[in-house]
Amino acid sequence: MTQLQAVKGMNDVLPDEIGGWQRIERAYARTMSLHGFREVRTPYVEPTGLFVRAIGDTTDVVEKEMYSFEHHGETLTLRPEGTAGAARAYIEHSVHAREPVTRWWYSGAMFRGERPARGRYRQFYQLGAEIFGDAGPGCDAEMIDMLVVFLRDLVVPDLEVLVNSLGGPQTRARYREALVQHLTPKTAELSPDSQRRLGTNPLRILDSKDPRDQVAVRDAPTIDDLLDDDDREHFRKLRAHLDALGTPYSVDPRLVRGLDYYTRTLFEIKGAHEKLGAGSTLVGGGRYDYMTADLGGPQVPAIGFAAGLERLLIASDLPPAVTATDAVVAPLGESAIEAGLVLARDLRAKGIRCEIDTRGSGLRSQLRRANSLGARVVLILGESELAEGAVQVKDLDAHTEERMARDQALRIVVDRLVAASRSVDSRPPAPGT
RNA sequence: GUGGCCGUAGCUCAGCUGGUAGAGCACUGGAUUGUGGCUCCAGGUGUCGCGGGUUCGAACCCCGUCGGUCACCCCA
């Protein structure tokens, strides 16, 4: 196509699909509020240096996936993830001085120049949250459990929680070295990808899917051996807390993530493998106790996660939300349109979702339209009704029809829709939203 | 970014070994000049992703390109 089209990997979300998005966003906002998180909105554009420092200059994300550009002498980047910006805002506004523990959540677009596929786009949406100021494993466990509950509410099948501990930065560095020492003699036996990783990100070799790498890694040292006593205790308590919560999980000593900032607790939640295939990681997160210090702020322990909204949408078996119209006002003829506009406005003032056809369509097509919109009642305004100040109230469900004064019609329609629990104002909040 | 597969009407898809296009759904109008969901009738539905090439002739074969998708890489 030579026509104008959306940029590769960036999608429109049309009204037909927006119901699913809103359903997940609302469920998330509710979960966050139940756990005392407050929403934060940070810019989509940040100085490139923020991501280089926070995420790590040898990570794939920073090395080859960022949308960076120059603008009036500044080097800027469309955010590839949410944690760095949140940490920057936390430091910039000295939030640590205002409250001991800070719980923030966010929702919004992220940008990475990867090769697009299902559930993986260049502009994609993440739900995320951060806790600043709590070093203990208790909030780690709460966060993981919260996510499991959230995903269960969304009816995501085959949930799988993986946890690991990376220890502190020094542990991580020592482990990296140990791994390189173990694997260097076997360089020739590794996959080409892993030969490259050996120099860049050796930890990633651990979860390589190549059988050659899996053999080479089989008797490699595990990070568990290098954890110091505090790290080990932290991890032990996390597991004990999860056990107490009854949260299902498995320890995966090979779980490693590609962002450099993680320390100690690391976790990942997968689900809906049949629908998502290899991209079934729904949530990834972990502790980053040194990021605020690395960014030049006070050292504040922190933990956070991000979830891919598009993937949640694919993974969720929740039925799509139905958006119905309650009533349709059907004016017949030019002179009825004004009376119809007034009537429709009065209905809406009562919380009735109401549509009106102002094009001068015939009654037949207006009724068809009302039917396909799922409306319960149609209020017909023709010449004789106009003359009498009346309206014909047709109940599409009950197949009844009655002529009455308009103010009476207002009351009757409201009563009928409330009785059927259909109007916006009367509908109780659905569970899980 | 690497490799594989796919690309026909708004949607889901047919189209046999190359002979220049079909179905269902949806949409609009009518059968009922002011009465829906069912039924019947009629009707737009199209640069066969795009650009080259081979051929008398290409939706079909070849090359390129764009887009999608699967696996890898990486990640949410």
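Just so it is clear: chains get the letters A, B, ... in the order the sequence lines come, proteins before strands, and each one is counted from 1.
- As rounded to the nearest Å, B:A9 and B:G46 have P atoms that lie 10 Å from one another.
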Under 3.5 Å donor-acceptor pairs involving side-chain atoms of residues 106-118 of chain A, not counting sequence neighbours:
from: A:R112; atom 1: NE; to: A:P80; atom 2: O; distance (Å): 2.8
from: A:R112; atom 1: NH2; to: A:P80; atom 2: O; distance (Å): 3.0
from: A:E114; atom 1: OE2; to: A:R120; atom 2: NH2; distance (Å): 2.8

Tabulate protein N/O versus nucleotide N/O from nucleotides 11-13 of chain B, keeping only pairs under 3.5 Å, one per line.
none

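- Atom C1' of nucleotide B:C75 and atom CZ of A:F111 are separated by 16 Å, given to the nearest angstrom.
- Comparing the C1' positions of B:U2 and B:G18 gives a spacing of 34 Å, expressed to the nearest Å.
- Look at A:D326 and A:K350 and you find no salt bridge, because none of the NZ, NE, NH1 or NH2 atoms lies under 4.0 Å from a carboxylate O.
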Under-3.5 Å N/O pairs linking protein and nucleotides 1-8 of chain B:
from: B:U2; atom 1: O4; to: A:R115; atom 2: NH1; distance (Å): 3.1
from: B:G3; atom 1: O6; to: A:R115; atom 2: NH2; distance (Å): 3.0

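- Counting non-hydrogen atoms under 4.0 angstrom, A:K64 reaches nothing in the nucleic acid.
- A close approach under 4.0 Å does occur between a side-chain nitrogen or oxygen of A:K209 and OP1 or OP2 of B:C72.
- The base of B:G34 does not come close enough to the side chain of A:E401 for any donor and acceptor atom to sit less than 3.5 Å apart.
- A search for side-chain contact (heavy atoms from CB on, under 4.5 Å) contacts involving A:Q195 returns A:T187, A:L190, not counting sequence neighbours.
- With sequence neighbours excluded, the residues satisfying side-chain contact (heavy atoms from CB on, under 4.5 Å) with A:V161 are A:I144, A:V148, A:V163, A:Y249, A:I269.
- Between the C1' atom of B:G29 and the CD atom of A:Q366 lies a distance of 15 Å, rounded to the nearest Å.
- Phosphate contact (OP1/OP2 of B:U69, side-chain N/O of A:Y121, threshold under 4.0 Å): present.
- Counting atom types as modelled, A:S384 pairs a side-chain N or O with a base atom of B:G34 as donor and acceptor under 3.5 Å.
- Between the CG atom of A:N201 and the P atom of B:C75 there is a distance of 7 Å, given to the nearest Å.
- Straight-line distance from the CD1 atom of A:I314 to the P atom of B:C70: 8 Å, rounded to whole Å.
- Closest to the side chain of A:S365, from the set B:C75, B:U35, B:G29, is B:G29.
- The stretch residues 302-310 of chain A touches RNA chain B through A:A306, A:G308, each having a heavy atom within less than 4.0 Å of the strand.
- Rounded to a whole Å, the CZ atom of A:R368 is 13 Å from the P atom of B:U32.
- With 3.5 Å as the limit, one finds a donor-acceptor pair spanning the side chains of A:T281 and A:E268.
- Side-chain proximity of A:R364 to B:C70, B:A31, B:G34: nearest is B:A31.
- Among the atoms of the strands shown, only primed sugar atoms or phosphate atoms (P, OP1, OP2) are found under 4.0 Å from some heavy atom of A:A278.
- Partners of A:S208 by side-chain contact (heavy atoms from CB on, under 4.5 Å), not counting sequence neighbours, listed by chain and number: A:S194, A:R197, A:D210, A:D213.
- Checked against salt bridge (charged side-chain N to carboxylate O under 4.0 Å, His left out), A:E46 has the following partners two or more places apart in sequence or in another chain: A:R88.
- Considering only side-chain atoms of A:I380, the nucleotide from B:G68, B:G34, B:G36 that sits closest is B:G34.
- Nucleotide B:A26 holds its P atom 15 Å from the CZ atom of A:R369, rounded to whole Å.
- Protein atom CG of A:L276 is 13 Å distant from nucleotide atom C1' of B:C70, rounded to whole Å.
- Every ring pair (Phe, Tyr, Trp, His ring centres under 6.0 Å) that A:Y125 has, sequence neighbours left out, goes to A:W21.
- Under 4.0 Å is where a charged nitrogen must lie from a carboxylate oxygen, and between A:D357 and A:R369 no such pair does.
- The CZ atom of A:R403 sits 13 Å away from the C1' atom of B:U35 (whole-angstrom rounding).
- Judged as a ring-ring contact (aromatic ring centres under 6.0 Å, His included), not a single pair has a partner in residues 318-339 of chain A (not counting sequence neighbours).
- None of A:Y261, A:Y90, A:Y262 except one satisfies the ring pair (Phe, Tyr, Trp, His ring centres under 6.0 Å) rule with A:Y288; the exception is A:Y261.
- Rounded to whole Å, the separation between the C1' atoms of B:U45 and B:G29 comes to 15 Å.
- With sequence neighbours excluded, no residue forms a side-chain contact (heavy atoms from CB on, under 4.5 Å) with A:A173.
- Going from the P atom of B:A26 to that of B:C66 covers 38 Å, rounded to whole Å.
- The nearest heavy atom of RNA chain B to A:D207 and to A:Y262 marks one nucleotide each, and the one closer to the 5' end goes with A:D207.
- For the pair A:R359 and A:D60, nearest-nucleotide mapping onto RNA chain B gives the more 5' position to A:R359.
- With hydrogens and angles left out, the side-chain atoms of A:R23 and A:S316 include no donor and acceptor closer than 3.5 Å.
- Between B:C5 and B:C63, the distance separating the two P atoms is 11 Å to the nearest Å.
- Atom C1' of B:G68 sits at a distance of 15 Å from the matching atom of B:U8, rounded to the whole Å.
- Rounded to whole Å, the separation between the P atoms of B:C74 and B:G15 comes to 40 Å.
- Taking A:D16 as the reference, nothing meets the salt bridge (charged side-chain N to carboxylate O under 4.0 Å, His left out) condition, with sequence neighbours excluded.
- Distance check on atom C1': B:C6 versus B:U65 gives 16 Å, rounded to whole Å.
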